[in-house]
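In what follows, every chain begins at residue 1, and chains take the letters A, B, ... in the order their sequences are listed. None of the values given here were measured: they were computed from a predicted structure.
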Amino acid sequence: MEQALKNKIQITLPDGSARAFAAGVTGIEIAESIAKSLAKAAVAVKIDGVQRDLSDPITSDAALEIITLDSEEGLEIMRHTVAAQLLARAVKNLYPDAKLAIGPTIENGFYYDIEFKEPLSSEDLEKIEKEMRKIKETNAPIVKSLNSKADTIAAFKDRAEPYKVEIVEGADQEDGFQLYAQGDTGFIDLCRGPHLLSLKQVGVFKLMSLAGAYWRGDSSKQMLTRIYGTAWRNDKELKEYLHMLEEAEKRDHRKLGAEMDLFHFQVEAQGSVFWHPKGFTIYNQMEGYIRRRLNNAGYKEIKTPQLIDNKLWEKSGHWGKYRENMFVVPDEIPSTDDDGPVVSDKAFEKLMALKPMNCPAHVQVFNQGIKSYRDLPIRFAEFGCCHRNEPHGALHGLMRVRQFTQDDAHIFCREDQITDEAVAFCDLLKTVYSDLGFDDVKVALSLRPEMRVGSDELWDKAEDGLRQALLKTGLEFTEEEGEGAFYGPKIDYQIRDAIGRTWQCGTLQLDFNLPERLDASYVGQDGEKHRPVMLHRAILGSLERFIGVMIESYAGKLPLWLAPTQVVVAPIVSEFDAYAQEVCDAMKAAGIRVETDLRNEKINYKVREHSHAKVPVIIAVGEREATDKTVAIRRLGSDKQSVEDLAKAIESLAQECKAPY
RNA sequence: GCUGCUGUAGCUCAGUGGUAGAGCGCGUCAUUGGUAAUGACGAGGUCGGGAGUUCAAUUCUCCCCAGCAGCACCA
């Protein structure tokens, strides 16, 4: 009796029901006992919340959940199997010398980092994919074994897999290394699992691209070849995913920027934007909108120098920590002698740098005159144009440039003002994002790192100040231990765009360091000198990048107030050019950005062209409209027209075309 | 910066060891038309830059530059 009890274990299912099984029962056996269909759909189990293989014996009472392919978790496990079993084995079949590194899953797919003797081409990718299909057809069972450290190392040394050896050697466990084999094919892969029971359960997959990636993400280490792939439950899902990728490509701001004639780049100013009239209209609208918001929130706008002597950068600490990202200029008049050097050796004794940040300059403004505790908080805003010497490979359209303008501001305040300032900032940021169409904001509070300046009391106060501010604003947030900057804790804000991608734009950073280094102070109530706390903050981050995000999120169809051309007035026949001009002039007078299209083209052609150019409102005027003093309005994205009285239309459009603030 | 791929007309892209082609756009002319392409004709290119192989290179080889993807870095 006692013996029998010992051999029985209680398995609790997610619905709360419990069943008894013999100790050593496996997940797949339990699934089969519940329903055959469940066993068929099962890909893994969760035992007490931990993912395990269906074939793992369960030896003690446990809460068990069966993971099926329908779930996101199940799909991820399937992708993992495609990477670690199909892709890895296919590569080893075709390239026996290839060295496998790691093959995790990522959003929408997976990759595998592998060292090849020769670089791969896209034809190789097709070859590998073909081989994967062949392997999948074998429906081979996937069998796991548990091994000791020594055995595992020996197995991979035997197979000349140095990366696997390195992984195992670096692991702190001594036992229980999981090796997955496919039947008796001789293929094994090290993996934390779980994996499918057999290749039979694999859905559809496609290899997507090749890229380089450093071993262990370290740029000083070996560059491996990364093969990216995607896998889905069925063809329909794969098709939808590929379609989504196409859509994202269509929204690419670099493409839309060229099509819509907003901006361009050229080699003579790599990484810097040439704004065209239409693009700069958007830029100016954004800047004007933020300026009004900041002004209303008690900020004072300033403008500080572009070129600053390196002495100040030395004091601020940028020279030591940030110099490789700075553009440095000798302060000497260049020689006009064509044969000689442009500047003398001596010129390098006096250097200046284009500012990569505005903060040290803002402290200079703060430091003018004596500040009293009564003056605080002081909020200096600047549309500061910064230059950063970014690695060439990092440059990416408007998203990553070498010259950009921040909607930057620095708040100088007392320690007791941190929370109020942070609350005010969070509120402002929420309002701005909402005005711009971003209501999904992810917030992270980064707390003290190991290496830091400032006392623990100060950090306590600062971290709690930010935490209270977030709670007060009602923004949901996560806390990231150790992720703060050495000079203070920070809040990072990520917005989610129309197709679900996230962008880091806004930030609020406390700084205990810079006021100290640049000797900023105010006179307290006690008549003594005190250090102000400095808050760095931005909402858009960089105007360039944010406009890029707006273009992609709106797929070029910007809100009316931001559209470079808000209205085009097109006569149907040239007889009514004069009326079109009259409509245009009246709208212009009402503050609308409006143009006429008097070209000798059919109305169809004009509608098509301006629709492609993403003009939000097209007004057609012909005989009827001219006679009745009306306009026929057509909105972008609709093929309906509405005929309205001219004066009324101007009034309502003018209202609609206004910025949200 | 690293790895790989790419570079042909304003744009999208064919193509070839023997001096280059399409569509769109652009220009001219005709056409005055009611909501996503009117027609005809025409102009446009040192085939990214440099070197090499060759009788001959846009095509093959090497170097450089730039763009793209990813990595690393980051607003």
Take the protein atom [atom1] of [X] and the nucleotide atom [atom2] of [N], then report the distance between them rounded to whole Å.
{"X": "A:H396", "N": "B:A69", "atom1": "NE2", "atom2": "C1'", "value": "10 Å"}
{"X": "A:F576", "N": "B:G33", "atom1": "CZ", "atom2": "C1'", "value": "12 Å"}
{"X": "A:K640", "N": "B:U35", "atom1": "NZ", "atom2": "P", "value": "15 Å"}
{"X": "A:D218", "N": "B:A72", "atom1": "CG", "atom2": "P", "value": "10 Å"}
{"X": "A:I603", "N": "B:G34", "atom1": "CD1", "atom2": "P", "value": "10 Å"}
{"X": "A:R599", "N": "B:U28", "atom1": "CZ", "atom2": "P", "value": "13 Å"}
{"X": "A:L395", "N": "B:A72", "atom1": "CG", "atom2": "C1'", "value": "14 Å"}
{"X": "A:K321", "N": "B:C74", "atom1": "NZ", "atom2": "P", "value": "13 Å"}

Could you measure between the two [atom1] atoms, the one in [N] and the one in [M], and give it in whole Å?
{"N": "B:A75", "M": "B:U6", "atom1": "P", "answer": "34 Å"}
{"N": "B:G21", "M": "B:A14", "atom1": "C1'", "answer": "7 Å"}
{"N": "B:C64", "M": "B:U28", "atom1": "C1'", "answer": "43 Å"}
{"N": "B:U61", "M": "B:U54", "atom1": "C1'", "answer": "12 Å"}
{"N": "B:U59", "M": "B:U8", "atom1": "P", "answer": "13 Å"}
{"N": "B:A22", "M": "B:A43", "atom1": "P", "answer": "12 Å"}
{"N": "B:G49", "M": "B:G67", "atom1": "C1'", "answer": "15 Å"}
{"N": "B:C63", "M": "B:U3", "atom1": "P", "answer": "12 Å"}

Please work out if [X] contacts a base, only the sugar-phosphate, or nothing of the nucleic acid, heavy-atom cut-off 4.0 Å.
{"X": "A:H612", "result": "base"}
{"X": "A:S219", "result": "sugar-phosphate"}
{"X": "A:R634", "result": "base"}
{"X": "A:Y111", "result": "nothing"}
{"X": "A:L210", "result": "nothing"}
{"X": "A:E390", "result": "base"}
{"X": "A:E259", "result": "nothing"}
{"X": "A:S611", "result": "base"}
{"X": "A:E625", "result": "base"}
{"X": "A:A632", "result": "base"}
{"X": "A:R254", "result": "sugar-phosphate"}

Checking contacts here: which listed nucleotide ([options]) is nearest the side-chain heavy atoms of [X]?
{"X": "A:H392", "options": "B:C73, B:G1, B:G33", "result": "B:G1"}
{"X": "A:E623", "options": "B:C73, B:C74, B:G34", "result": "B:G34"}
{"X": "A:V573", "options": "B:C73, B:A75, B:U32", "result": "B:U32"}

Ignoring hydrogens and geometry beyond distance, is a side-chain donor-acceptor pair present between [X] and [Y] at under 3.5 Å?
{"X": "A:T225", "Y": "A:E115", "answer": "no"}
{"X": "A:R216", "Y": "A:Y214", "answer": "no"}
{"X": "A:S542", "Y": "A:Q406", "answer": "no"}
{"X": "A:D492", "Y": "A:T507", "answer": "yes"}
{"X": "A:Y299", "Y": "A:R291", "answer": "no"}

**OP:** For A:Q641 and for A:V401, find the nucleotide of RNA chain B with the closest heavy atom, then tell me which residue's nucleotide is more 5'.
**Re:**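 Taking each residue's closest nucleotide, the earlier one in sequence belongs to A:Q641.
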**OP:** Would you mind telling me which residue lines up with the more 5' stretch of RNA chain B, A:F404 or A:Y214, judged by nearest nucleotide?
**Re:**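 Comparing both residues, the 5'-ward one is A:Y214.
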**OP:** Within residues 264-278 of chain A, find the residues that approach RNA chain B with a heavy atom at under 4.0 Å, and present them sorted by residue number.
**Re:**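 Residues of residues 264-278 of chain A under 4.0 Å from RNA chain B: A:V267, A:Q270.
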**OP:** Considering only NZ, NE, NH1 and NH2 on the basic side and carboxylate oxygens on the acidic side, decide whether A:K629 and A:E582 come within less than 4.0 Å.
**Re:**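 Yes, charged N to carboxylate O under 4.0 Å.
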Subject >> A:Y112 side chain reached by A:I102 side chain, heavy atoms, under 4.5 Å >> reply: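 A side-chain contact is absent here, since even the closest heavy-atom pair is not under 4.5 Å.
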With distance as the sole criterion, do the side chain of [X] and the base of [N] form a donor-acceptor contact below 3.5 Å?
{"X": "A:R400", "N": "B:C73", "value": "yes"}
{"X": "A:R608", "N": "B:A37", "value": "yes"}
{"X": "A:S574", "N": "B:U32", "value": "yes"}

Subject >> Each stem that RNA chain B is part of, given as range with range (3 or more consecutive Watson-Crick or G-U pairs, under 3.5 Å) >> reply: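 The stems are B:1-7 with B:65-71, B:10-13 with B:21-24, B:26-30 with B:38-42, B:48-52 with B:60-64.
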Subject >> A:R79 to A:W232, cation-pi by 6.0 Å centre distance and 45° axis angle >> reply: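 Yes, cation above the ring, under 6.0 Å and within 45°.
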Subject >> A:K614 NZ/CZ over A:Y554 ring centroid, <6.0 Å and within 45° of normal >> reply: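 Geometry flag: not set, cation outside 6.0 Å or 45°.
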Subject >> Output field: ring centroids A:F404/A:F546 closer than 6.0 Å >> reply: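 That pair fails the under 6.0 Å test.
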**OP:** Determine the interplanar angle of the A:Y487 and A:H536 rings, folded into 0 to 90°, and report it as parallel if under 30°, tilted if 30 to 60°, perpendicular if over 60°.
**Re:**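 If you compare the ring of A:Y487 with that of A:H536, the planes turn out tilted.
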Subject >> Among A:D511, A:L518, A:N513, side-chain contact (heavy atoms from CB on, under 4.5 Å) partner for A:M534 >> reply: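 Exactly one candidate clears the test, A:D511.
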**OP:** Mind checking the CG-NZ spacing from A:D97 to A:K117? Nearest 0.5 Å is all I need.
**Re:**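 Answer rounded to 0.5 Å: 4.0 Å.
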**OP:** Please work out whether B:G44 sits syn or anti, treating a glycosidic angle within 90° of 0 as syn.
**Re:**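 You should classify B:G44 as syn.
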